[in-house]
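Below is one structure, written out as C-alpha cells, with a few remarks after it.
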Protein chains: 2
Amino acid sequence: MNIYDVAKLSNVSIATVSRVINNKPGVSAAARERVLKAIEETGFRPNQIAKSLTNNKTNILGIVMPGMNNYYSDRIDAINKVCKQRGYGLMITANYKDNNSTEEDIANFNLLYEKRVDGIIYFPTNVMQEHIDIIKHIRKKMPVVITDKEIRDLRLPCVIQDFVSPTQEVMDYFIKNQHKKIAFIKGSSYDQSNEARLEAYKVALEKAGLTYDEGLVAEGAYSVDSGYEAMLEIFTRCKDMPTAVFAANDHMAIGAMKALKDKGIKLPMEIEIIGYDDIEFAKYVTPSLSTVRVEQYVMGKLAATMLIDLIEGDLKDHHEMTMGFEIIHRESTKV
Amino acid sequence: MNIYDVAKLSNVSIATVSRVINNKPGVSAAARERVLKAIEETGFRPNQIAKSLTNNKTNILGIVMPGMNNYYSDRIDAINKVCKQRGYGLMITANYKDNNSTEEDIANFNLLYEKRVDGIIYFPTNVMQEHIDIIKHIRKKMPVVITDKEIRDLRLPCVIQDFVSPTQEVMDYFIKNQHKKIAFIKGSSYDQSNEARLEAYKVALEKAGLTYDEGLVAEGAYSVDSGYEAMLEIFTRCKDMPTAVFAANDHMAIGAMKALKDKGIKLPMEIEIIGYDDIEFAKYVTPSLSTVRVEQYVMGKLAATMLIDLIEGDLKDHHEMTMGFEIIHRESTKV
DNA sequence: TTGTATGCGTTATCAC
DNA sequence: GTGATAACGCATACAA
C-alpha cells in the first residue's frame with residue numbers, strides 16, 4: 001500500500017495524494033475528500049523511509065551511551081519526552097563490551113550515522129582519540145551534543161555536569177568539621193570523571209594541609225555491593241579509622257553504610273557519610289543519606305532541546321551549559 | 001558522499017562499489033582495493049535509509065512502552081543488548097500522557113509503523129479496543145511481540161508475566177501463618193495487571209474463608225512516598241490493624257515499612273510485609289524486604305529474541321512463554 | 001569481472 | 001487545481 005494505490009483508488013495523481021497527506025493547499029475539496037476516504041479505508045500510512053530519502057531528514061535523534069541503567073533512566077526519559085513533543089523519534093545505542101570498549105562506541109556512532117539520524121547525544125565516559133576523530137567526521141553532517149563534560153579541541157555543544165565543585169564542597173564541609181581522615185569511594189576508573197573527582201579530592205586535602213593517603217581511597221563499581229566491599233577494603237588497609245566517607249554514588253554510599261553498621265559503628269556520630277545522585281531511596285535508608293543532587297531529568301531535557309534547536313537552526317553558535325548541584329544534608333551528616 | 005562519488009574516485013561503476021560494500025563476490029582484487037581505498041579516504045558510509053527503501057528492511061526494532069523508569073531499565077537494557085548482538089537498532093517510544101492515554105499509544109504504534117521498523121515489542125498496561133485494532137493492522141506488515149500479558153482474540157507471540165500465581169502464593173503464605181487481616185497496596189488501576197492481582201487477592205481470601213474488607217486495600221503510584229501514604233490510609237480506615245501487608249512493588253513496600261516504623265510497629269513480629277520486583281535495595285533496607293522476584297532482564301532478552309526470530313523467519317507459529325517467579329524471604333517475614 | 005538500467009515510495013518542480 | 005516526471009542513494013537483474 002503506497003501513494004500509487006491510494007491515487008488509483010481516489011482517481012487522482014500521486015502528487016495530489018502527497019498534497020493531502022502533507023496538508024498542503026491546492027487541492028479541491030472533492031479530491032481531498034476522496035483521498036482521505038481511500039486512506040481511511042485502506043489504513044494507508046506514508047512510508048517515512050522514502051520520505052527521509054527525499055527530504056534528507058529522518059526526524060530521529062540518536063543516543064550513544066554506556067548502557068541502560070537506573071542512573072540514566074531519568075535522563076533518557078526526559079530526552080524521549082522532548083523528542084516526542086517536538087516530533088522526533090529516538091534511537092538508543094549502548095555499549096555492552098567490558099570497560100566501555102572504544103570500538104563499540106565507534107560502532108554505535110557509525111550505526112547512527114548510517115541511519116542518518118538528525119543529531120546525536122553522546123554520554124561519554126572514557127573519551128579516546130578515536131572518539132574525537134569520528135565525532136569530527138560525523139558533525140560535518142549532523143549536530144552532536146555531549147553531556148557530562150566537554151571535550152577539549154572539539155568544542156561540542158554540551159550540558160556539563162560539574163563533578164569537581166561538588167567534590168570540593170563536600171570536602172570543605174568535612175574539613176570544616178575537623179575531619180582528618182576522609183575516605184573516598186570512587187567509581188570505575190575507566191570513567192574519566194572519576195579521575196577528575198579524585199583529583200579534586202586530593203586538591204582539597206592539600207589545601208587543608210592534610211596528606212593524601214592512598215589507603216583511604218577504594219574503587220567500586222557503582223553497585224551497593226561494591227560500596228560494601230570498598231568500605232571493608234579501606235578498613236582492613238587503614239590503621240586509623242576514617243571519620244568521614246564520600247562515595248561517588250548513593251548506591252555505594254548505602255553499601256558503605258551497611259558495612260559500617262555491620263561493624264557496629266554509629267552514624268553519623270563516629271563517621272559522617274555523603275553520597276552522590278540523590279536517588280529515591282537516599283531518604284529512606286537509616287540513617288537517611290546526605291548526598292549531592294544533580295537533576296538528571298533536567299540534564300536530559302536541556303541536551304535534547306539543545307540538539308533539536310541545533311538541528312532546526314534555531315541555535316547557530318556554540319552552546320554550553322553547566323548543571324547546578326545541591327548538597328542535601330540528611331541524617332548521615334551531623335549538620 | 002554516495003556510491004556514485006566512490007565509484008568515480010575508484011574508476012568503477014556503482015554496482016561494483018555496492019558489491020564491495022556488501023562483501024559480495026565477483027569483484028577483482030584490484031577493483032576491490034581501489035574501492036576500499038576510496039571509502040577509507042573519504043570516510044564514506046552507506047546510507048541505510050536508501051538501503052532500507054530498496055530492501056524493505058530497516059534492521060530496527062521498535063518498543064511501545066509506558067515510560068522509561070527504573071522498573072523497565074533492565075528489560076530495555078536486555079532488549080538493546082540482543083538487538084546489538086543480532087545487528088538491529090532500537091527505537092523507543094513512550095507514553096507521556098496522563099494515565100497512559102490510548103491515543104498516545106496509538107500514535108506511538110503509528111510512528112514505528114511509518115518508520116517501517118522490522119518488528120515491535122509492546123509493554124501493555126491498559127489495553128483498549130483501539131490497541132487491538134491497530135495491532136491487527138500492523139501485524140499484517142511486521143511481527144508484534146507483547147510482554148507481561150496476552151491479549152485475548154489477538155494471540156500475539158508473548159512473554160507473559162504471571163501476576164496471579166505470585167499473589168496466590170504470597171497469600172497462601174500469609175494465610176498459612178494465621179493472618180486474618182491482610183492489607184494489599186495495589187498499583188495504579190489503569191494498569192490492568194493490578195486488577196488481576198486484586199482479583200487474585202480476593203479469591204485467596206475467599207478460599208481461606210476470610211471476608212474481603214475494602215478498607216484493607218489502598219492504591220499507590222509505585223513510588224516510595226505513595227506506599228507510605230497508602231499504608232497510613234489503611235491505618236486510619238481500619239479499626240483492626242492488619243497483621244500482614246502485600247505491596248505491588250518494592251518501592252511501595254519500603255514506603256509502607258517506613259510508615260509502620262514511624263508508628264513504632266515492630267517488623268516482622270507485629271506485621272509481616274512482602275513486596276514485588278526484588279529491586280537492588282530490597283536487601284539493604286532494615287529489616288531487609290521479602291519480595292517476589294521476576295527476572296526483568298530475562299524477560300527483555302526473551303522478548304527481543306522471539307521478535308527477531310519471528311522477523312528472520314526462524315519462528316513460524318505462535319509462541320508464548322511464561323516467566324517464572326520466586327518468593328524471596330528476608331527479614332520482613334518471619335520464616 | 002564489470003556496467004547499465006530499473007525500482008523502492010516519497011517530495012517537488014514544472015507544465016498544463 | 002492537477003498531473004507527469006526527476007530526484008533521493010542504494011541493490012540487483014541483466015547485458016556485455
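Just so it is clear: chains get the letters A, B, ... in the order the sequence lines come, proteins before strands, and each one is counted from 1.
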*Can you check the A:I39 CD1 to C:dG9 C1' distance for me, whole Å?*
14 Å
*For DNA chain C, whose closest nucleotide is more 5', that of B:A50 or that of B:G26?*
B:G26
_Of the listed nucleotides (C:dT10, C:dG3, D:dC10), which one gets closest to any side-chain atom of B:V12?_
C:dG3
*What's the CD-P distance between B:Q48 and D:dA11, to the nearest Å?*
8 Å
*Can you find a side-chain donor-acceptor pair between A:Y113 and A:N108 that sits under 3.5 Å?*
no
*For B:S28, which contact category applies under a 4.0 Å heavy-atom criterion: base, sugar-phosphate, or nothing?*
sugar-phosphate
*Among the candidates C:dT10, C:dG3, D:dA11, find the nucleotide nearest to the side-chain atoms of A:I3.*
C:dT10
_Separation of atom CD1 in B:I21 from atom P in D:dG9, rounded to whole Å_ = 13 Å
*Nearest whole angstrom, please: distance from the C1' of C:dT10 to the CZ of A:F44.*
9 Å
_Of the options C:dA12, D:dC10, D:dA11, whose atoms approach the side-chain atoms of B:P46 most closely?_
D:dC10
*Go through the N and O atoms of the side chain of B:R19 and the base of C:dG3, and report whether any donor-acceptor pair is under 3.5 Å.*
yes
*So, is B:S13 near the phosphate of C:dT4, with a side-chain N or O under 4.0 Å from OP1 or OP2?*
no
*Return the nearest nucleotide to the side chain of B:A15; candidates are C:dC8, C:dT4, D:dG3.*
C:dT4
*How many Å lie between NZ on A:K141 and P on D:dC8, as a whole number?*
12 Å
_In whole Å, I'd like the distance from the CG atom of B:L53 to the P atom of C:dT11._
12 Å
_Regarding A:K24, tell me which of base, sugar-phosphate or nothing describes its non-hydrogen contacts under 4.0 Å with the strands shown._
sugar-phosphate
*Between C:dG3, D:dG9, D:dA11, which nucleotide gets closest to the side-chain atoms of B:N55?*
D:dA11
*Count the heavy atoms of every other residue, nucleotide or ligand shown that sit under 6.0 Å from NZ of B:K301, and state whether that count exceeds 12.*
no
*B:Y297 six-ring centre to B:R75 NZ/CZ under 6.0 Å and within 45° of normal*: no
*Which nucleotide in D:dA4, C:dT10, D:dT12 has an atom nearest any side-chain atom of B:S18*: D:dT12
_What I want to check is whether the side chains of B:N56 and B:K141 have a donor and an acceptor closer together than 3.5 Å._
no
*Reckon A:I49 touches a base, only the sugar-phosphate, or nothing at all at heavy-atom distances under 4.0 Å?*
nothing
*Send over the distance from A:N2 CG to C:dG9 P, rounded to a whole Å.*
5 Å
*May I ask you to verify if any side-chain N or O of B:S52 is less than 4.0 angstrom from the OP1 or OP2 atom of D:dC10?*
no
*Once you round it to whole Å, what is the distance between P of D:dT12 and CG of B:N22?*
7 Å
*Name the nucleic acid region contacted by A:I14, choosing base, sugar-phosphate or nothing; use a 4.0 angstrom heavy-atom cut-off, strictly under.*
base
*Determine yes or no for a side-chain-to-main-chain donor-acceptor pair under 3.5 angstrom, with B:N47 supplying the side chain and B:I49 the backbone.*
yes
*asked:* Side chain of B:A31, heavy atoms from C-beta onward: which of C:dT2, C:dT11, D:dC10 has the nearest atom to it?
replied: C:dT2
*asked:* So that I know where these two stand, are B:F123 and B:Y72 an aromatic pair - ring centroids less than 6.0 Å apart?
replied: yes
*Please work out if B:N56 contacts a base, only the sugar-phosphate, or nothing of the nucleic acid, heavy-atom cut-off 4.0 Å.*
nothing
*For A:R34 and A:Y4, take the nucleotide of DNA chain D holding the closest heavy atom to each; which residue's nucleotide lies nearer the 5' end?*
A:R34
